[in-house]
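Okay, structure first, notes after.
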Amino acid sequence: MDKKQLNELTDKELLNEAKKMKSTQTIDATLIGVLFGILIYSIIAGNFTIFFGILLLYAIYKLANKEKYKREELKNLLKERNLKL
């Protein structure tokens with residue numbers, strides 16, 4: 001969904017989308033923690049390579065910034081319509 005489609009949603013659909021986004025954030029945070037743990041373990045265990053480290057950091061970065069603008073737009077629409085989860 002892009003910005004135009006989010007604006008066209010009804011209040012109920014917007015709340016459902018916010019709930020989906022919240023559960024997705026929880027899953028993403030868990031994955032980021034696991035990847036960061038793997039990175040730390042590989043450094044401590046001595047199995048760290050630059051390529052592996054860059055690959056893990058890139059994956060962490062992509063998960064952290066996934067749908068960033070959609071989240072901001074969704075928060076603004078919820079605030080604008082005076083809706084709460």
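None of these values were measured; they are calculated from a predicted model. We number each residue from 1, following the sequence as shown.
One hydrophobic cluster holds both I44 and V34 under the rule that ILVMFWY side chains link at heavy-atom gaps under 4.5 Å. No chain of hydrophobic side-chain contacts below 4.5 Å, direct or via other Ile, Leu, Val, Met, Phe, Trp or Tyr residues, connects I32 to L55. Residues I60 and I40 fall within the same hydrophobic cluster, defined by Ile, Leu, Val, Met, Phe, Trp and Tyr side chains chained together at heavy-atom separations under 4.5 Å. Note on F36 and L56: same hydrophobic cluster, where clusters join Ile, Leu, Val, Met, Phe, Trp and Tyr whose side-chain heavy atoms are under 4.5 Å apart, directly or indirectly.
Of all the heavy atoms in A18 and L78, the pair that sits closest is CB-CD1, 3.8 Å. The two residues L35 and A59 come nearest to each other via the heavy atoms CD1-CB, 3.8 Å.
In terms of the salt bridge (charged side-chain N to carboxylate O under 4.0 Å, His left out) criterion, residue partners of K66 (sequence neighbours excluded) are, by chain and number, D28.
Taking OG1 from T10 and CD from E17, the interatomic distance works out to 11.0 Å, rounded to the nearest 0.5 Å. Annotation: the span from E80 atom CD to E73 atom CD amounts to 8.0 Å, rounded to 0.5 Å. In this structure, L63 CG and T24 OG1 are separated by 11.5 Å, a value rounded to the nearest 0.5 Å. To the nearest 0.5 angstrom, I38 atom CD1 is 12.5 Å from I43 atom CD1. Between the CD1 atom of I54 and the OH atom of Y61 there is a distance of 15.0 Å, given to the nearest 0.5 Å. Rounding to the nearest 0.5 Å places CG of L77 at 11.0 Å from CG of L15.
Here salt bridge (Lys or Arg N to Asp or Glu O under 4.0 Å) pairs that include residues 29-44, with residues two or more places apart or in two chains, number zero.
In Y41, the OH atom is not crowded: 12 or fewer heavy atoms of neighbouring residues, nucleotides or ligands sit closer than 6.0 Å.
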Carefully, step by step, assess F48 and L39 under the rule side-chain contact (heavy atoms from CB on, under 4.5 Å).
-> CA-CA 8 Å; F48 180 75; L39 181 66; 3.7 Å; yes
